[in-house]
Amino acid sequence: MRVEIWTDINCPFCYLGKKRFEQALTDFPHRSDVEVVHRSFELDPTLPADESGPVIAKIAHKYGISEAQAAANERGIGAQAAAIGLPYLTEGRDYGNSFDMHRLLHFALAEGKQDALLDALYRANFAEEQSLFADNERLVRLAVTAGLDESAARTALDDPNAYADAVRADEQEAARLGARGVPFFVFDRKYGVSGAQPSEVFTQALDQAWADREPVIQTIGGADVCGPDGCELPAHN
């Protein structure tokens, strides 16, 4: 079974949603048969590549609220993160263009290291004070911590066209599937879950998607059959 998760590194609820989904997956009896693929979704693809700034000011401007209200929202998200064991800086974080990070995640997917890199990016953005944006050298260092080759990661980042089509294809697919925000989870292209839902919701989705993988055949009657060990002989009284 495949689970696809559309996310953006700027999105705190993607950070929380990944953890809650993984909590559900840990207890799923068929977890070894579940393939998880992370897909790209930019919250603001119009941001210039070299632009970054304080998150709280950005949120206040975007939603037309005061910076005090935006700061309170951040503290609320921080409390949610703490409840599931995730570190979260409630002030001092930046926002920025995430396109290069998505390109790097597609490179990591090809190398079998996508999940590890996404964790490293989330940790750097939400739990560390140093800004993550417009700093390719830091992205390369994070790629190395995720097990990727330093030279290959730098080559991928230095080429603006590398994996760019894959990022755009993910975003187009998200639009086709009706995703207007992230995180957005798709289970075997049959069920969608929007938002950082409680783990119980992800458990239900996993169970339902698994149950629907193949039709359940109801056997009627009990006539004699043949199998690998031979044929059953009818009983004689």
Side-chain angles (χ1 to χ4, degrees), residues 1-9 11-41 80-81 83-86 101-123 142-143 145-149 152-153 156 163 165-179 181-220 225-229:
M1 181 170 72
R2 170 178 282 197
V3 180
E4 297 163 278
I5 310 174
W6 273 262
T7 58
D8 187 31
I9 295 86
C11 168
F13 291 115
C14 296
Y15 179 47
L16 272 62
K18 183 176 188 294
K19 177 70 170 183
R20 290 172 179 167
F21 168 76
E22 288 172 346
Q23 288 174 333
L25 187 60
T26 296
D27 296 327
F28 185 58
H30 310 287
R31 59 177 297 187
S32 61
D33 295 311
V34 178
E35 176 192 14
V36 179
V37 179
H38 299 283
R39 301 295 189 192
S40 300
F41 188 108
Q80 291 186 51
I84 55 175
L86 289 177
M101 299 178 204
H102 286 297
R103 292 196 302 109
L104 194 62
L105 282 166
H106 273 281
F107 162 69
L109 175 62
E111 298 295 316
K113 304 289 185 181
Q114 188 189 47
D115 193 73
L117 178 61
L118 184 57
D119 280 340
L121 292 171
Y122 278 151
R123 185 170 56 252
L142 290 172
T145 67
L148 292 160
D149 178 75
Y163 302 97
D165 288 345
V167 175
R168 296 188 182 102
D170 277 357
E171 293 174 338
Q172 291 167 3
E173 185 69 359
R176 189 187 71 80
L177 293 172
V182 286
F184 187 67
F185 300 77
V186 177
F187 295 76
D188 254 1
R189 290 296 172 107
K190 292 181 179 178
Y191 299 98
V193 174
S194 179
Q197 300 285 347
S199 294
E200 294 79 9
V201 174
F202 293 121
T203 295
Q204 293 171 9
L206 285 165
D207 288 340
Q208 186 65 58
W210 184 266
D212 287 353
R213 290 174 71 242
E214 296 178 354
V216 177
I217 304 299
Q218 299 291 334
T219 302
I220 301 173
V225 296
C226 292
D229 296 325

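We're numbering straight along the sequence, starting at 1. The structure presented is a predicted model; accordingly, all values stated were derived computationally and were not measured.
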_Can you classify the ring geometry of Trp210 versus His30 as parallel (below 30°), tilted (30 to 60°) or perpendicular (above 60°)?_
parallel
*State, to 0.1 Å, how close Tyr163 and Ala110 come at their nearest heavy-atom pair, and which atoms those are.*
OH-CB, 4.3 Å
*Measure the spacing between NZ of Lys18 and CD1 of Ile84 and express it to the nearest 0.5 Å.*
11.0 Å
*Look up atom CZ in Arg2 and atom NZ in Lys190, then write down how far apart they are to the nearest 0.5 Å.*
14.5 Å
*Which heavy-atom pair separates Ala153 from Ala143 by the least distance, and what is that distance?*
CB-CB, 3.8 Å
_Counting only heavy atoms not in Asp149 (residues, nucleotides, ligands), do more than 12 fall under 6.0 Å from its CG?_
yes
*asked:* Has Arg103 got a side-chain atom pairing as donor or acceptor with Ala156's backbone, closer than 3.5 angstrom?
replied: yes
*What's the verdict on side-chain contact (heavy atoms from CB on, under 4.5 Å) for Gln208 and Phe187, showing C-alpha distance, side-chain angles and the deciding distance?*
CA-CA 9 Å; Gln208 186 65 58; Phe187 295 76; over 6 Å; no
*Identify the two heavy atoms, one from Thr7 and one from Tyr122, that lie closest to each other, and give their separation to 0.1 Å.*
CB-OH, 3.4 Å
*Where do Lys113 and Ala146 come nearest, in terms of heavy atoms and distance?*
CD-O, 3.6 Å
_Distance, nearest 0.5 Å, that separates CG of Asp212 from OH of Tyr191_ = 3.5 Å
*Could you pull out the closest heavy-atom pair between Ala24 and Thr203, with the gap in Å?*
CB-OG1, 3.4 Å
*Should Leu25 and Val3 count as side-chain neighbours, where that means a heavy-atom distance under 4.5 Å?*
no
_SB check Glu173 Arg176 (cutoff 4.0 Å)_ = yes
_Nearest 0.5 angstrom please: Glu22 CD to Asp115 CG, how far?_
5.5 Å
*Where do Phe41 and Asp8 come nearest, in terms of heavy atoms and distance?*
O-CB, 2.8 Å
*Is any side-chain heavy atom of Gln114 less than 4.5 Å from a side-chain heavy atom of Val36?*
no
*asked:* Measuring only between side-chain heavy atoms, which start at C-beta, is Leu16 closer than 4.5 Å to Lys19?
replied: no
*asked:* I want to check something: taking the side chain as every heavy atom from C-beta on, are Asp207 and Phe28 in contact at a cut-off of under 4.5 Å?
replied: yes
*Are the side chain of Ser194 and the backbone N or O of Phe184 linked by a donor-acceptor pair below 3.5 Å?*
no
*Polar side chain donor-acceptor pair, Asp170 to His106, under 3.5 angstrom*: yes
*asked:* Nearest 0.5 angstrom please: Leu121 CG to His38 NE2, how far?
replied: 11.0 Å
_Would you call the rings of Phe202 and Phe21 parallel, tilted or perpendicular, taking 30° and 60° as the class edges?_
perpendicular
*With rounding to the nearest 0.5 Å, note down the distance linking OG1 in Thr145 to CG in Asp119.*
10.0 Å
